Amino acid sequence: MLRQALLALSASTKTRDLIMATPVTRDVVARFVAGETAEEAMAVTGRLVADGRLVTIDFLGEDTTDPDQAARVADEYISLIGQLAAAGLAGHGRAEVSVKPTAVGLGLAEHGDKTALEHIGRIATAARNAGTTVTLDMEDHARVDATLRLVGELRADFPDLGCVIQSYLHRSPADCRDLAVAGSRVRLCKGAYQAPADVGLASRAEVDLNYARCMRILLDGPGYPMLATHDPRMIRIAGVKAGTTGREAGSFEYQMLYGIRPAEQARLAAVGAQMRVYLPYGTDWYGYLVRRLAERPSNLAFFLRALGSRR
Ligand SMILES: Cc1cc2nc3c(=O)[nH]c(=O)nc-3n(C[C@H](O)[C@H](O)[C@H](O)COP(=O)(O)OP(=O)(O)OC[C@H]3O[C@@H](n4cnc5c(N)ncnc54)[C@H](O)[C@@H]3O)c2cc1C
C-alpha cells in the first residue's frame with residue numbers, strides 16, 4: 001500500500017516541487033546520488049574504481065517530452081564518456097553508462113522510437129570508441145516492448161549493448177530465454193515500477209521466485225548476466241548456481257545501487273567477484289529518490305527523521 005502510494009506520488013508535479021524545494025531533502029538525496037555535475041560523478045567513480053569496483057553512471061532524468069532536451073541528454077552522456085576516457089576510467093568497461101530510453105526521446109509524441117534509436121546509437125558509438133559499453137535501463141511495463149525492440153535493432157551494430165529484465169513481470173522468464181545468447185549482456189532486477197495484475201506479479205514472494213527463475217536461465221546460458229540486487233538470498237543463490245555451472249568470476253557480475261549496502265559491495269569485490277555500482281548524478285533526482293524510498297520503509301523513516309530534525 002505504502003509502496004503504491006509513494007510510486008503514485010512520483011508522478012505528482014505538485015509534490016515534486018514541494019519536496020525538491022525542501023532544503024533537507026538534499027541531505028537524503030546525497031545518500032543515493034553522487035552529485036549534480038559530471039565532475040562530481042567522475043570523482044566518486046574514480047574512488048570506486050580505485051577500490052576495485054566497476055561503475056555504471058546514470059545521468060538522471062526521464063519521460064522527456066521535448067526533442068531538444070532528448071538531444072541534450074545524449075550530448076551530456078557523450079561528454080561524460082569523453083571525460084571518463086580522458087581520466088582512464090572507461091577502458092575495459094570499468095565505468096560504463098546506463099541510459100533511460102525515455103530520457104533520450106522514447107516517449108516523445110512524434111517519432112519517439114526513431115529519436116531514441118538515433119541518440120542511443122550516438123551514445124553507443126562514443127562508448128565503443130572509449131572502450132566501454134551502454135546499458136539501457138528498463139522503465140514501466142508499457143515501455144518494455146519498445147525498449148526490447150530498440151535493443152534488438154541496436155545490437156546489430158552494438159552487440160554489447162546491455163538491457164534489463166525485471167522479475168516482477170510475468171513475461172520475464174520468456175524474455176530471459178530469448179536474451180540468453182552468446183555475448184548478451186542482461187541486467188536482472190526485481191523492478192521498481194507498478195503494473196496491473198495481468199502483467200505484473202502481486203507479491204514479493206512471487207517476484208523473488210521469478211528472480212531466482214530468471215537468474216537460473218541467464219546463468220545457465222552463454223550470455224553475460226548482470227545480477228542487480230541487494231537481496232542477500234538472491235546473492236547467495238547466485239553464488240551457489242555460478243559454482244555448480246562452473247562459471248568463472250569474470251563471466252557475470254553483481255550490481256548494486258550507490259549508497260545501498262556498501263559493505264556488501266566491498267565484500268563481494270574483495271572476494272574477487274565483479275561488483276558494479278549504479279551511480280546516478282544530475283539535478284533531476286526526484287523520480288529516482290521516490291523509487292528508493294518506496295523500496296524500503298526505513299529509507300522513508302530516514303527521510304522523515306531528517307525532516308523532523310530541522311524543525
Ligand atoms: C544496478 C541496479 C540497476 C537497476 N536498474 C533498474 C532498471 O533498469 N529498472 C527497474 O525497474 N529497476 C531497476 N533497479 C531497481 C530494482 O528493480 C529494485 O527496485 C531494487 O534493486 C530493490 O530490489 P532488491 O533486488 O534489492 O530487493 P528487495 O527485496 O527490494 O530488497 C532486498 C534487501 O536489499 C536491501 N535494499 C533494497 N532496496 C533498498 C533501498 N532502497 N535502500 C536500502 N536498502 C535496500 C535491503 O536490505 C532489503 O532487505 C536496479 C537496481 C540495481 C541494483
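Keep in mind that what you see is a predicted model, and the values were worked out from it rather than measured. Count residues from 1 along the sequence. As the structure lists them, so they are numbered: ligands from 1, and atoms in each ligand from 1.
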Undergrad: Between Phe32 and Tyr288, is the ring centroid distance below 6.0 Å?
TA: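 For Phe32 and Tyr288, the ring centres are not under 6.0 Å apart.
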Undergrad: As an exercise, state the distance from CD1 of Ile235 to CE of Met215, rounded to the nearest 0.5 Å.
TA: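 So the CD1 of Ile235 and the CE of Met215 are separated by 9.5 Å.
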Undergrad: Is any NZ, NE, NH1 or NH2 atom of the basic residue among Asp160 and Arg128 found under 4.0 Å from an Asp or Glu carboxylate oxygen of the other?
TA: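 Salt bridge: no.
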Undergrad: Arg204 heavy atoms, cut-off 4.0 Å: which ligand 1 atoms fall inside?
TA: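 With Arg204 as reference, the close atoms of ligand 1 come out as 28 (P), 29 (O), 30 (O).
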Undergrad: Which atoms from ligand 1 have a heavy atom of Gly191 less than 4.0 Å away?
TA: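 Taking each heavy atom of Gly191 in turn, ligand 1 has 11 (O), 16 (C), 17 (O), 19 (O) under 4.0 Å.
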Undergrad: Using a 4.0 Å cutoff against the non-hydrogen atoms of Arg292, which atoms of ligand 1 qualify?
TA: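 Close to Arg292: 15 (C), 41 (N).
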Undergrad: Looking only at distance, does Tyr193 have an N or O less than 3.5 Å from an N or O of ligand 1?
TA: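 No, since none of the N or O atoms of Tyr193 sits under 3.5 Å from an N or O of ligand 1.
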Undergrad: Given that the side chain starts at C-beta and the backbone is N, CA, C, O, which of these parts of Gln166 lies under 4.0 Å from ligand 1, counting heavy atoms, or is it both or neither?
TA: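 Side chain only.
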Undergrad: How close do Ile57 and Ala41 get, heavy atom to heavy atom, and via which atoms?
TA: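 For Ile57 and Ala41, the tightest heavy-atom pair comes out as CG2-CB, 4.5 Å.
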Undergrad: Determine the minimum heavy-atom distance between His170 and Gly200, stating which atoms define it.
TA: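 In terms of heavy atoms, the two residues are closest at NE2-O, 3.4 Å.
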Undergrad: Does at least one non-hydrogen atom of Arg291 fall below 4.0 angstrom from an atom of ligand 1?
TA: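 Arg291: no contact with ligand 1 (<4.0 Å).
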Undergrad: At what distance, to the nearest 0.5 angstrom, does CG of Leu179 lie from CD1 of Ile165?
TA: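 Spacing of CG (Leu179) from CD1 (Ile165) equals 5.0 Å.
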Undergrad: What atoms of ligand 1 come within less than 4.0 Å of a heavy atom belonging to Tyr278?
TA: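 Near Tyr278, the atoms of ligand 1 are 1 (C), 3 (C).
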Undergrad: Rounded to the nearest 0.5 Å, what separation is found between the CG atom of Leu54 and the CZ atom of Arg276?
TA: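 Between Leu54 CG and Arg276 CZ, I get 4.5 Å after rounding to 0.5 Å.
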Undergrad: Would you say Ala192 has any N or O atom under 3.5 Å from an N or O of ligand 1, going by distance alone?
TA: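 For ligand 1, there is an N or O atom that lies under 3.5 Å from one belonging to Ala192.
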Undergrad: Could you tell me the separation between the CG atom of Leu80 and the CE atom of Met42, rounded to the nearest 0.5 Å?
TA: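 That separation rounds to 7.0 Å.
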Undergrad: For Asp137, counting its heavy atoms only, list the atoms of ligand 1 lying under 4.0 Å from any of them.
TA: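 Listed by number with element, the hits are 8 (O).
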Undergrad: Where does Ile260 meet ligand 1, judged by heavy-atom distances below 4.0 Å: at the side chain, the backbone, both, or neither?
TA: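 Side chain only; the backbone of Ile260 stays clear of ligand 1.
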Undergrad: Would you say Gln255 has any N or O atom under 3.5 Å from an N or O of ligand 1, going by distance alone?
TA: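 Among all N and O atoms of Gln255, none is under 3.5 Å from an N or O of ligand 1.
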Undergrad: Heavy atoms only, cut-off 4.0 Å: how does Met234 contact ligand 1, side chain, backbone, both, or neither?
TA: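 Neither; no heavy atom under 4.0 Å.
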Undergrad: Should the proximity of Leu257 to ligand 1, defined as any heavy atom under 4.0 Å, be assigned to the side chain, the backbone, both, or neither?
TA: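 It is both backbone and side chain that touch ligand 1.
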Undergrad: Indicate yes or no: does an N/O atom of Met138 lie under 3.5 Å from an N/O atom of ligand 1?
TA: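 Yes, at least one N or O pair falls under 3.5 Å.
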Undergrad: What protein heavy atom sits nearest atom 34 (O) of ligand 1, and how far away is it?
TA: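 So the nearest neighbour among protein heavy atoms is His230 CB, 3.1 Å.
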Undergrad: Would you mind telling me if ligand 1 is within reach of the side chain of Met256, the backbone, both or neither, using heavy atoms under 4.0 Å?
TA: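 The answer is the backbone of Met256.
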Undergrad: So which heavy atom in the protein is nearest atom 5 (N) of ligand 1, and how far is it from that ligand atom?
TA: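 For this ligand atom, the closest protein heavy atom is Arg187 NH1, 3.2 Å.
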Undergrad: Is it true that a side-chain atom of Asp66 and a backbone atom of Asp68 form a donor plus acceptor pair closer than 3.5 Å?
TA: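 Yes; at least one donor-acceptor contact below 3.5 Å.
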